[in-house]
Every structure is written in structure tokens, then in C-alpha cells.
Protein chains: 2
Amino acid sequence: MGERHESHLDHVFNALCDPTRRAILARLTDADARVTDIAGDFPISLNSISKHIRMLERAGLLRRSIVGRDHMLSLNAGPLSEAQAWIENYRRFWEGRLAALDAYVTRKNRNRR
Amino acid sequence: MGERHESHLDHVFNALCDPTRRAILARLTDADARVTDIAGDFPISLNSISKHIRMLERAGLLRRSIVGRDHMLSLNAGPLSEAQAWIENYRRFWEGRLAALDAYVTRKNRNRR
DNA sequence: GTGACGTTCACCCATATGGGTGAATATAGG
DNA sequence: CCTATATTCACCCATATGGGTGAACGTCAC
């Protein structure tokens, strides 16, 4: 229960969990496309693709412009910067650890000599 | 069905979906900790924390060293680089789009004058 | 208007998740 | 040996996901 609050970052990471959704984003790097166009590239049903697209939209990674009966989709990579910033924080931590290990090994070698 | 294959990247992004798990990683940036220590920082049960930790382990983001009855956990940010690399690809795409838009606006302004 | 096309809606099903509880297991320490 | 502590295991429950199907809705094209 409880009002899971559902931050935007949750949605972004959640959208990236699924390989099909990542592939959809990759597909849209190439060119904008309709829902049916995208569905044609995958072995699953049009309806399932439609649901994946809705989740990508929820994360803000897709823009949809409806023209007539066609829904044109385009990539909107902007929200990824939020996720990237989060990860970047830990990359620095990680590099710090590696640097510390490196310093340790160097020190040890120096003492050995 | 299916044999979902479950690539490593899936697990990493999946681990990052949940705010509690992200908070656990943040907690471990500060210092290594036991399962119980971590559970003390959250309003949910020890068992739930244990499950979150198992998922972080599955993603390779945690290391566990069992000493006696204590399980010492330490952050292992290494696998994040894979996720970061994936995102980085799209950031470059996105910046390319912005640059193109910028060039377009600049060109338009020049023509206006 | 009528039929074909593009998307979504409303369901069904199996599995995973996030939370809980109580019991089992394993080790530390008298 | 016995007890307290640290974790996990085995469940229960509600909800979300990922897949499917068939029907509805909207729009184009004749």
C-alpha cells in the first residue's frame, strides 16, 4: 500500500530494465516511427509494443505526436541525464576506490624495494 | 514461455529501479555494513531488506563477505559502468540533436539579418 | 457510407516484486 | 549446554509486468 510516491527516476530506470524497451529506444535513434512500424521489428504483438511505448512515455523518454490515425514517436533522451547523473556519482566513488587500491599497491611496491 | 535470457544489464537497471535499493547503495558509500545495520536505517522489515540485498547482489552491485554470523556488505560500483556506457550513447545522440537545433536557430537568425 | 487501417481498451494468464510473518539455521558467548 | 543474535527460508498477500486475444474507436480512402 502506501503511496509509493513513484519518483521520475524510478520510471526512467524501470523503463530501461526491459531489453525490448531499450531496443525501441535504439530503433528511434535511427528515425522516428509509428507504433506499427516499431511493432514490425519485434516478434511480439502490436498490443505489447503499445504497452511498452506507454511505459517509455511515462518515463518521458518518448514523445508522441498524433497526426490523423498515426502516432509518430520520437526519442526524447533528455530524462536520461537524470539517471546518468545518479550513476555518475557512484562512478566517482568507484574510481576513488580504484585509485586508493592503486596507491596501496604502489606504496607496497615501494616498501618492498 | 520464454527463457527470458536476463542479461546482466537488465539486472543492473532493475536493481536501480527501487528507491530503497538506491538508498542502500548510498548508505554503503559511507561505510560497509551488516544486513542488520542497513535494516536499522529503513522503516521496513529486516526480511525485506534481505531481499533487496539479494537483488543488488544479483546485479553485482554488492559484495558480501561472511564472517561468523555477520554478513558484511560493501559497495561494488563496477557494474554501473555498463549501465553508464549504455546511457552515454544516448546522451551523445541527444546532444547531437541539441547541437543541430542550435545550428538551425543560428542559421535562421543569420538569414533573418 | 463502407471497408480497411492504426491504436488503444478490456480482459486473461503466468510470473516477479515489494511488503509482511513465523520458523529454521548458524554462530557467538556465557 | 543453553541462550541470544544474525540471516535466511518458506510461506501469505496485493500489485505490477510481460505476453496474449478480441473488441472498440477513429480516421483515411474509395
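Computation of the quantities below employed the complete heavy-atom set of this structure, encompassing side-chain atoms and omitting hydrogens, waters and symmetry-equivalent molecules. Each chain gets a letter, A, B and so on, in the order its sequence line appears, and its residues count up from 1.
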Check whether any side-chain nitrogen or oxygen of A:Ser48 sits under 4.0 Å from OP1 or OP2 of D:dG20, and answer yes or no.
yes
Please check the phosphate of D:dG20 (OP1 and OP2 only) for any side-chain N or O of A:Ser45 closer than 4.0 Å.
yes
Separation of [N] [atom2] from [X] [atom1] (nearest whole Å):
X       : N      : atom1 : atom2 : value
A:Phe13 : C:dG18 : CZ    : P     : 14 Å
A:Phe42 : D:dG19 : CZ    : C1'   : 15 Å
B:Arg22 : C:dG18 : CZ    : P     : 11 Å
A:Asp37 : C:dC5  : CG    : P     : 15 Å
A:Ile44 : D:dT17 : CD1   : P     : 15 Å
B:His71 : D:dA6  : NE2   : P     : 12 Å
A:Asp18 : C:dT15 : CG    : C1'   : 14 Å

Between B:His8 (side chain only) and B:Ala59 (backbone N and O only), is there a donor and an acceptor less than 3.5 Å apart?
yes
Short side-chain to backbone donor-acceptor contact, A:Arg21 and A:Leu16, under 3.5 Å:
no
So A:Asn14, base contact, sugar-phosphate only, or nothing? Heavy-atom distance under 4.0 Å.
sugar-phosphate
Report which part of the nucleic acid A:Ile66 touches: base, sugar-phosphate, or nothing (heavy-atom distance under 4.0 Å, all strands).
nothing
List for me each residue that meets side-chain contact (heavy atoms from CB on, under 4.5 Å) alongside [X], sequence neighbours excluded, and say none if there are none.
X       : result
A:Arg91 : A:Glu88, A:Glu95, B:Gln84
B:Asn76 : A:Trp94, B:Arg63, B:Pro79
B:Ser50 : none

The remaining residues in the hydrophobic cluster of A:Val67, counting side-chain heavy-atom contacts under 4.5 Å among Ile, Leu, Val, Met, Phe, Trp and Tyr, are A:Met72
Identify which nucleotide among [options] has an atom closest to any side-chain atom of [X], counting heavy atoms from C-beta outward.
X       : options               : answer
B:Arg64 : C:dT7, D:dG19, D:dT7  : D:dT7
A:Asp70 : D:dG18, C:dG6, C:dG20 : C:dG6
A:Asn47 : D:dT21, C:dG6, D:dT7  : D:dT21

Ring pair (Phe, Tyr, Trp, His ring centres under 6.0 Å) partners of residues 37-89 of chain A, not counting sequence neighbours, each pair once
A:Trp86-A:Tyr90
Among all residues two or more places apart in sequence or in another chain, which pass the side chain to side chain donor-acceptor pair (under 3.5 Å) test with A:Thr36?
none
For the student: nearest non-hydrogen atoms of A:Ile49 and A:Ala39, plus distance:
CG1-CA, 3.8 Å
Tell me, which of residues 49-58 of chain B have any heavy atom that sits under 4.0 Å from an atom in DNA chain C?
B:Lys51, B:His52, B:Met55, B:Arg58
Result for 5'-nearest mapping on DNA chain D, choosing between A:Thr20 and B:Leu46, is B:Leu46
Strictly under 3.5 Å: I want the nitrogen or oxygen pairs between protein and nucleotides 24-30 of chain C, one per line.
from: C:dA28; atom 1: O4'; to: B:Arg69; atom 2: NE; distance (Å): 3.3

Show me the pairs that pass salt bridge (charged side-chain N to carboxylate O under 4.0 Å, His left out) and involve residues 36-54 of chain B, at least two apart or across chains.
B:Arg27-B:Asp41, B:Arg34-B:Asp37
